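Numbering of residues begins at 1 and proceeds along the displayed sequence. Values in this document were obtained by computation on a predicted structure and should not be read as measured data. Computed from heavy atoms alone, side chains included, the values below leave out hydrogens, waters and symmetry copies.
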Amino acid sequence: MDSTVLFESCVYREETPQYIKELNKICDSHIHKAREHMEKDIEERRKKFKFDVGDHGMTYNSEGNLYGADGMQKFELLIRSTAKNILESQGFDMSSHEIKYTEMWVQEFADKGGGYQETHVHWDNHISGFYFLKCSDRTSTPIFHDPRPGRMMLNLPIKDKTKLCYGMERQSFRIKPGTLLMFNSYLPHEFRVDDGIDPFRFIHFNLQATMRA
């Protein structure tokens, strides 16, 4: 039988290691401040449990937005122009719209492991993405879920989970420093629990297409 693929959800990938050094340098101070702010919480946990659990399960997030910070301009332009290209390639008419950042922040998972993100979407945005600064084959990975809730009623066993197929309800991505992933913001995603073996740091961003004034 002939088949027609309907309502695809894509994750776009590009390896851009040229930004790693400069962005890590910019993000270092933000993560340092985040760690300073979390020291109080770590100390309270130490007193509560009467055991040094350290920062297990915590996530360090930069305060405020990274976009507009000194040194971010080239990276910001890359993401914004790529987001527009993605939406145009999907058939959207962008002639009356412009792409604006709503959020951009850096995250670093706990040294003691246990860092993770639950499945979520980014409402009121059009394109979201990650840029990985520190990771390895021993750190957490992003996992994307089928955005159609109704299909969960029809789940059947997958014959070969190592191969991407139409029956998949979720898919994990292997990443390395410099990996850029972008996707429509409605696509549910999560990060599996990190073991705390190697540092895990990435920039997360969300963009919105707004009508030109």
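You'll find the side chain of Glu118 stays beyond 4.5 Å of the side chain of Glu190, heavy atoms only. Under the 4.5 Å side-chain criterion, counting only non-hydrogen atoms from C-beta, Leu207 is in contact with Phe205. In this structure, Met211 and Glu98 have side chains that are not in contact, with every pair of non-hydrogen atoms separated by 4.5 Å or more. Two residues are said to be in side-chain contact when any heavy atoms from C-beta on lie closer than 4.5 Å; Arg138 and Asp195 fail this criterion. The closest side-chain heavy-atom distance from Arg170 to Phe144 is not below 4.5 Å. Under the 4.5 Å side-chain criterion, counting only non-hydrogen atoms from C-beta, Leu187 is in contact with Val11. Residues Lys112 and Val53 have side chains not in contact (no heavy-atom distance under 4.5 Å, counting atoms from C-beta outward). Residues Thr102 and Lys100 fail the side-chain proximity criterion, which asks for heavy atoms closer than 4.5 Å.
Going from atom OG of Ser81 over to atom CD1 of Ile86 covers 9.5 Å, rounded to the nearest 0.5 Å. Taken from CZ in Arg201 to CG in Leu133, the straight-line distance is 6.5 Å, to the nearest 0.5 Å. To the nearest 0.5 Å, the span separating OG on Ser128 from CZ on Phe183 amounts to 5.0 Å. Taken from CZ in Arg192 to CD1 in Ile143, the straight-line distance is 7.5 Å, to the nearest 0.5 Å. With rounding to the nearest 0.5 Å, the separation of OG1 in Thr4 from CG in Asp2 is 7.5 Å. A distance of 10.0 Å separates OH of Tyr67 from OH of Tyr101, quoted to the nearest 0.5 Å.
Of the N and O atoms on the side chains of Ser185 and Asn125, not one donor lies less than 3.5 Å from an acceptor on the other residue. There is a side-chain donor-acceptor pair under 3.5 Å between Gln90 and Asn184. Side-chain polar atoms of Asn61 and Gln107 form a donor-acceptor pair below 3.5 angstrom. Judged by distance alone, the side chains of His145 and His189 never bring a donor and an acceptor atom under 3.5 Å apart.
Atom OH of Tyr12 sits in a crowded spot, with more than 12 heavy atoms from other residues, nucleotides or ligands closer than 6.0 Å. Counting heavy atoms of neighbouring residues, nucleotides and ligands inside a 6.0 Å radius, atom CZ of Arg174 does not exceed 12 of them.
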(request) Go through the steps for Asp111 and Arg35 under the test salt bridge (Lys or Arg N to Asp or Glu O under 4.0 Å), then give the verdict. (result) CA-CA 11 Å; Asp111 298 331; Arg35 286 178 174 274; 2.9 Å; yes

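In this structure a side-chain-to-backbone donor-acceptor pair under 3.5 Å is missing from His97 to Thr210. Within the 3.5 Å criterion, the main-chain N or O of Ile175 finds no donor-acceptor partner in the side chain of Thr179. Checking side-chain atoms of Gln208 against main-chain N and O of Ile99 turns up no donor-acceptor pair under 3.5 Å. Of the possible donor and acceptor atoms, one in the side chain of Ser62 sits under 3.5 Å from a partner among the backbone N and O of Val106. Remark: the backbone N or O of Gly68 is paired with a side-chain donor or acceptor of Glu76 at under 3.5 angstrom. Remark: the backbone N or O of Gly196 is paired with a side-chain donor or acceptor of Asp194 at under 3.5 angstrom. Asp198 contributes no side-chain N or O that, together with a main-chain N or O of Thr139, makes up a donor-acceptor pair within less than 3.5 Å.
Ring pair Tyr19/Phe75 is perpendicular by interplanar angle, where above 60° counts as perpendicular and below 30° as parallel. Between Phe132 and Phe202, the ring-plane angle classifies as tilted under the 30° and 60° cut-offs.
Salt-bridge annotation for Arg46 and Glu44: absent, with no side-chain N of the basic residue lying under 4.0 Å from a carboxylate O of the acidic one.
Between Tyr186 and Glu8 the shortest heavy-atom distance is OH-O, 3.8 Å. For the residue pair Gly113 and His56, the shortest heavy atom distance occurs at O-ND1, 3.0 Å.
His204 has its ring centre less than 6.0 Å from the ring centre of His122. Ring-centre distance between Tyr60 and His37: not below the 6.0 Å cut-off.
Leu180 and Met72 fall within a single hydrophobic cluster, where Ile, Leu, Val, Met, Phe, Trp and Tyr side chains are chained together by heavy-atom contacts under 4.5 Å.
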